[in-house]
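Structure record follows, encoded as structure tokens.
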Amino acid sequence: PGSTAAPSQLRPLAFTADGARFAHPLLGELEVPEGEDPEALVKRKLRTLQKAVKRQVEHYFSDENWAKDTYLQESADAEGFVAVACIAEFDRLRPLTTDVDFILESLRDSAVVE
């Protein structure tokens, strides 16, 4: 992931006998077991989060959902585009992330969303 999700944004919180706790701007507080590379753990978690974000946004814009989601249709501009900041506030996406850059990055290779 790009700059909004850089693993190096880890901030140590505490070190214990069985690992460490770190804070990450997108992932929140992470427990890293002793012997595990914190950067590798963050990369895996960020990939998982990106997949979840992509899956959720693609669901919003699927033909089936678009046909029945009047709020989404009303949020679209004249060309049919919906601002990412708008969808970042949707109930099922908001718990994953509201970071617009991360959402855009997650959709970079989407076949459903432009």
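In this text, all values refer to a predicted model and were calculated from it rather than measured experimentally. In this chain, residues are counted from 1 in sequence order.
The closest side-chain donor-acceptor pair between T98 and E89, if any, does not fall under 3.5 angstrom. No donor-acceptor contact under 3.5 angstrom links the side chains of T97 and D99, judged on distance only.
Linking Ile, Leu, Val, Met, Phe, Trp and Tyr residues whenever their side-chain heavy atoms come within less than 4.5 Å leaves V42 and L13 in two separate clusters. Note on F81: it does not cluster hydrophobically with V84, by side-chain heavy-atom contacts below 4.5 Å among ILVMFWY residues. Put simply, V112 and I87 are part of the same group of oily side chains (I, L, V, M, F, W, Y) that touch within less than 4.5 Å, one to the next.
A pairwise comparison of heavy atoms in Q50 and S106 identifies CG-OG, 3.3 Å as the closest pair. Across all non-hydrogen atoms, the minimal contact from F102 to V53 is CE2-CG2, 4.1 Å. In terms of heavy atoms, W66 sits closest to G80 at CH2-O, 4.3 Å. Of all non-hydrogen atoms in N65 and H59, the two that sit nearest each other are CB-O, 3.2 Å. Heavy atoms only, all atoms of each residue included: F15 and A20 are closest at CD2-CB, 3.5 Å. Taking all atoms of both residues into account, the shortest heavy-atom contact from E58 to S110 is OE2-OG, 2.5 Å.
A donor-acceptor contact shorter than 3.5 Å is absent between the side chain of Q9 and the backbone of P25.
Side-chain contact between L46 and H24 is present, with at least one heavy-atom pair separated by less than 4.5 Å. Between E39 and L10, the closest side-chain pair of non-hydrogen atoms falls below 4.5 Å. With contacts defined as side-chain heavy-atom distances shorter than 4.5 Å, the pair I103/L93 qualifies. Looking at R21 and V32, their side chains never come closer than 4.5 Å, going by heavy atoms from C-beta outward.
Taken from CD in E114 to CG in L107, the straight-line distance is 11.5 Å, to the nearest 0.5 Å. Note that OG1 of T48 is 9.5 Å distant from CG of L27, once rounded to the nearest 0.5 Å. Distance check: R108 CZ to L104 CG gives 10.5 Å after rounding to the nearest 0.5 Å.
Using cut-offs of 30° and 60° on the angle between ring planes, the pair Y60 and F90 is perpendicular.
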Report task. Report the C-alpha distance between L41 and F22 in whole Å, list the side-chain angles of each, state the deciding distance to 0.1 Å, and finish with yes or no for side chain to side chain contact (heavy atoms under 4.5 Å, CB included). Result -> CA-CA 11 Å; L41 177 69; F22 292 89; over 6 Å; no
Query raised in the report: Between R55 and K51, is a side chain to side chain contact (heavy atoms under 4.5 Å, CB included) present by the stated rule, with each step listed?
Result: CA-CA 6 Å; R55 189 176 318 117; K51 289 176 186 176; 4.1 Å; yes
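Counted within 6.0 Å of CG on D109, heavy atoms from surrounding residues, nucleotides or ligands total more than 12; the atom is thus considered enclosed. Enclosure of atom CZ in R94 by more than 12 non-hydrogen atoms of other residues, nucleotides or ligands within 6.0 angstrom is indicated.
In this structure, R44 pairs ionically with E36, as a charged nitrogen and a carboxylate oxygen lie closer than 4.0 Å.
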